[in-house]
There are 2 protein chains.
Amino acid sequence: MKKKQPQQLTEEALELIATTFRVLSEPMRLKILHTLDKDEMSVGELVEATGGSQANISKHLNILFEAGMVSRRKEGLNTFYRISDEMVFDLCEAVCSSLGKRLITQQQAIKNFTGR
Amino acid sequence: MKKKQPQQLTEEALELIATTFRVLSEPMRLKILHTLDKDEMSVGELVEATGGSQANISKHLNILFEAGMVSRRKEGLNTFYRISDEMVFDLCEAVCSSLGKRLITQQQAIKNFTGR
DNA sequence: TGATTATATTACCATATAGTAATTAAATAG
DNA sequence: CTATTTAATTACTATATGGTAATATAATCA
């Protein structure tokens with residue numbers, strides 16, 4: 001384990017990291033990733049499962065693909081997508097955990113305020 | 001044949017998670033968080049350290065505050081900010097790890113293409 | 001061949017937001 | 001009190017982007 005030091009981050013690195021977060025900052029894209037959840041699915045299946053429009057889902061899938069978060073495979077008329085970077089699960093889990101803790105804190109505050 | 005049942009995430013939950021990612025999707029906010037890195041700093045110190053304008057840093061700090069990622073403390077003319085949610089470190093580390101892996105893969109591909 | 005189906009793409013609009021300059025607010029000093 | 005300092009806020013512009021409707025592309029089928 002290396003000692004932790006204030007490491008210098010270049011503007012370019014900051015842009016890359018920010019872009020990754022930006023890709024994950026749209027509810028519909030999160031919904032797609034959550035629906036995909038390790039299983040391969042066609043665009044049509046994703047359209048039905050998410051309730052989005054075909055054009056919209058296709059656009060979001062391309063953004064996810066460009067970001068390297070999903071991979072795709074063509075078979076006949078269908079294109080099948082699957083999650084290609086397990087990072088997205090780690091990220092969402094970390095966020096959910098943090099949001100959960102915050103909720104508990106808020107509930108506690110309300111309880112304390114109302115006197116239980 | 002029914003697919004496995006993905007756990008249901010409400011639209012509201014997706015919005016919350018997406019908002020968290022959106023807050024982290026700006027290079028300047030990442031720079032602020034990276035500069036803060038566990039140490040408390042005043043707005044002026046952050047302005048100097050990041051090279052941003054006072055208005056811009058102040059605006060970003062407020063966004064980070066509203067998102068619960070930093071806390072603040074007033075003392076005289078100064079306002080001191082510090083990171084209040086360690087989650088941001090976990091998230092950035094996960095992203096950096098993923099980006100690093102992707103870079104290695106790309107370098108490998110280039111090596112293979114050029115014949116080592 | 002033409003028709004059908006699945007997906008991608010284009011053009012457009014509406015909204016959100018980052019950055020800035022100027023101003024305000026608030027605490028402190030003289 | 002007035003002046004100074006630090007930070008927040010306001011008003012504004014420019015840009016980016018999500019959603020949609022329409023169209024294009026491409027594979028399959030009759």
Side-chain angles (χ1 to χ4, degrees), chain A residues 11-12 14-36 39-82 84, chain B residues 11-12 14-36 39-82 84:
Chain A
E11 302 292 323
E12 195 183 18
L14 289 172
E15 293 277 354
L16 273 175
I17 301 170
T19 297
T20 301
F21 284 129
R22 177 162 292 272
V23 170
L24 295 172
S25 73
E26 280 303 314
M28 185 52 95
R29 284 198 285 272
L30 292 179
K31 194 171 188 178
I32 289 172
L33 290 172
H34 185 249
T35 304
L36 271 180
D39 281 341
E40 184 179 70
M41 288 179 79
S42 72
V43 177
E45 288 171 324
L46 281 167
V47 167
E48 183 170 8
T50 59
S53 73
Q54 184 267 318
N56 193 21
I57 299 301
S58 191
K59 206 157 121 177
H60 282 310
L61 283 170
N62 200 49
I63 291 171
L64 291 167
F65 177 76
E66 292 294 329
M69 293 180 190
V70 301
S71 60
R72 62 184 166 204
R73 170 179 76 83
K74 293 209 71 168
E75 183 182 310
L77 283 176
N78 298 303
T79 309
F80 293 95
Y81 285 83
R82 92 179 83 81
S84 62
Chain B
E11 303 291 323
E12 195 184 17
L14 288 172
E15 292 277 354
L16 273 175
I17 301 170
T19 297
T20 302
F21 284 127
R22 177 162 293 274
V23 171
L24 294 172
S25 73
E26 280 303 315
M28 185 52 95
R29 284 198 286 272
L30 293 179
K31 194 171 190 179
I32 289 173
L33 290 171
H34 185 249
T35 303
L36 270 179
D39 282 340
E40 185 179 70
M41 288 179 79
S42 72
V43 177
E45 288 171 324
L46 281 167
V47 167
E48 184 170 6
T50 60
S53 73
Q54 184 267 318
N56 193 21
I57 299 302
S58 190
K59 206 157 119 177
H60 283 309
L61 282 170
N62 199 50
I63 290 171
L64 290 168
F65 177 76
E66 292 294 329
M69 294 181 190
V70 301
S71 60
R72 63 184 165 202
R73 170 179 77 82
K74 293 209 71 169
E75 183 182 308
L77 283 176
N78 299 302
T79 309
F80 292 95
Y81 285 83
R82 93 178 74 87
S84 62

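Naming convention: chains lettered A, B, ... in sequence-line order (proteins, then strands); numbering from 1 in each chain.
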Point to revise | Separation of C:dT15 C1' from B:Arg22 CZ (nearest whole Å) | key: 11 Å

Point to revise | All side-chain hydrogen bond (donor to acceptor under 3.5 Å, both in side chains) counterparts of B:Asn56, not counting sequence neighbours | key: B:His60

Study note, to complete from the structure: Note: contacts of residues 47-62 of chain B with DNA chain D (heavy atom, under 4.0 Å) are B:Gln54, B:Ala55, B:Ser58

Point to revise | Euclidean distance, B:Ser58 OG relative to B:Ile63 CD1, rounded to 0.5 Å | key: 10.0 Å

**Study point:** Side chain to side chain, A:Thr20 and B:Leu24, heavy atoms closer than 4.5 Å
**Key:** no

Exercise for review: Scan B:Ile63 against the nucleic acid and name what it touches under 4.0 Å (heavy atoms): base, sugar-phosphate only, or nothing.
Suggested key: sugar-phosphate

Point to revise | Residues in side-chain contact (heavy atoms from CB on, under 4.5 Å) contact with A:Glu66, at least two apart in sequence or another chain | key: A:Asn62

Exercise for review: Answer yes or no: does a side-chain N or O of B:Arg29 lie under 4.0 Å from OP1 or OP2 of C:dA18?
Suggested key: yes

Check your understanding: Can you name the residues that form a side-chain contact (heavy atoms from CB on, under 4.5 Å) with B:Thr79, not counting sequence neighbours?
Key -> B:Val43, B:Arg72, B:Lys74, B:Tyr81

Revision key, fill the gap. One should read off an interatomic distance between A:Phe80 CZ and A:Leu36 CG, to the nearest 0.5 angstrom, of 12.0 Å

Exercise for review: Could you list all the salt bridge (charged side-chain N to carboxylate O under 4.0 Å, His left out) pairs where at least one residue sits in residues 15-28 of chain A, not counting sequence neighbours?
Suggested key: A:Arg22-B:Glu26, A:Glu26-B:Arg22

Study note, to complete from the structure: In whole angstroms, the gap separating P of C:dA18 from CG of B:Leu24 amounts to 12 Å

Point to revise | B:Phe21 CZ - C:dA16 P separation (whole Å) | key: 22 Å

Review point. Atom CE of B:Met41 to atom C1' of D:dT6: distance rounded to whole Å?
Key: 15 Å

Review point. What integer distance in Å separates B:Glu26:CD from D:dT15:P?
Key: 15 Å

Point to revise | Atom pair distance, as rounded to whole Å: NZ in A:Lys31 and C1' in D:dG18 | key: 15 Å

Point to revise | Over 12 non-hydrogen atoms of neighbours within 6.0 angstrom of CD in B:Glu40 | key: yes

Review point. Which residues in residues 68-81 of chain A have at least one heavy atom lying under 4.0 Å from any atom of DNA chain D?
Key: A:Gly76, A:Leu77

Review point. In whole Å, what is the span from the CD1 atom of A:Ile32 to the P atom of D:dG18?
Key: 11 Å

Study note, to complete from the structure: In whole angstroms, the gap separating P of C:dA18 from CG of A:Leu14 amounts to 15 Å

Review point. Hey, does the side chain of B:Thr50 reach the backbone of B:Leu46 with a donor-acceptor pair shorter than 3.5 angstrom?
Key: yes

